[in-house]
Amino acid sequence: MRRRAKGGQGLVDTLWHEMGKFGVIGVANFVIDIGLLNLLISTVLSDKVTTARIISGSVATLFSWFGNRSWTFVRRRSRPAHHEVTLFFVVNGIALLISTLCLVLSHYGLGLTSTIADNVSTIIGIGLGTVFRFWAYRSFVFAPGRAGRFSGSPGRRGRPRTPRGGS
């Protein structure tokens, strides 16, 4: 019974560790994303908020790829880089779509066209997209090999589970 609790604790520790790193990368992404969005809206793309949102989200996605691959999920990598990057950009494309739809709904659907309204709807969209991204990164993009996926602790990845209790 004690071994199972310890394995469960290892899983919780790993999850918190990854969430912390994911959060640091996320904060940096947030600054890049919102900062660039506001810069573009206040200058060259003042009448094209959707285009500005897609550009700012794409730049933040590039930063996120490097940060999450090389730091947050470095111990989870089990695929060739070209597979990870493809999955990563598909997942981020979906998350960017979620965020952009929030902005489009607010700006064009509800007629809330102020900079504050654009920022609030973008922040809500980023939040929803972030929950989706964290789940998808852990489940698909940076998932360990099949044998280690449910092992419960990072040290057992790649080895098949053995039955407990001799049965």
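Model, not experiment: these values are computed from the prediction. This chain uses plain numbering: 1 for the first residue, then up along the sequence.
Side-chain atoms of T113 and Y108, non-hydrogen and from C-beta on, never get closer than 4.5 Å to each other. At least one side-chain heavy atom of L128 sits under 4.5 Å from a side-chain heavy atom of C102.
Only one option out of V90, V91, T86, V85 pairs with V141 in a side-chain contact (heavy atoms from CB on, under 4.5 Å); it is V91. Considering D33, T61, T51 in turn, D33 is the only one that fulfils the side chain to side chain donor-acceptor pair (under 3.5 Å) rule with S56.
Taking each heavy atom of I98 and G129 in turn, the nearest pair found is CG2-N, 4.1 Å. For the residue pair S99 and T122, the shortest heavy atom distance occurs at OG-O, 3.8 Å.
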- Task: Apply side chain to side chain contact (heavy atoms under 4.5 Å, CB included) to F63 and N68, showing your working.
- Result: CA-CA 9 Å; F63 175 81; N68 283 306; over 6 Å; no
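No side-chain donor-acceptor contact under 3.5 Å links N38 and S42.
Going from atom CD1 of I32 over to atom CG of L37 covers 13.5 Å, rounded to the nearest 0.5 Å. From I41, atom CD1 reaches atom OG of S46 across 9.0 Å, with rounding to the nearest 0.5 Å.
Following chains of ILVMFWY side-chain contacts shorter than 4.5 Å, one can reach L36 starting from I25, so the two form part of one hydrophobic cluster. Linking Ile, Leu, Val, Met, Phe, Trp and Tyr residues whenever their side-chain heavy atoms come within less than 4.5 Å places I94 and F88 in a single cluster. Linking Ile, Leu, Val, Met, Phe, Trp and Tyr whenever their side-chain heavy atoms come within less than 4.5 Å leaves L105 and I54 in two separate clusters. Under the 4.5 Å side-chain contact rule for hydrophobic residues, L97 and F132 do not share a cluster. Note on L39 and I116: separate hydrophobic clusters, where clusters join Ile, Leu, Val, Met, Phe, Trp and Tyr whose side-chain heavy atoms are under 4.5 Å apart, directly or indirectly.
T100 places a side-chain N or O within 3.5 Å of a backbone atom of L96 that can act as its donor or acceptor partner.
Counting only residues at least two apart or in different chains, ring-ring contact (aromatic ring centres under 6.0 Å, His included) contacts with residues 17-48 comprise F22-F134, F22-Y137.
Listed by chain and residue number, nothing satisfies the salt bridge (Lys or Arg N to Asp or Glu O under 4.0 Å) test with R133 (two or more places apart in sequence, or in another chain).
Under a 4.0 Å N-O distance rule, the pair D118/R53 does not qualify as a salt bridge.
When ring centroids are compared, W135 and F140 come within the 6.0 Å threshold.
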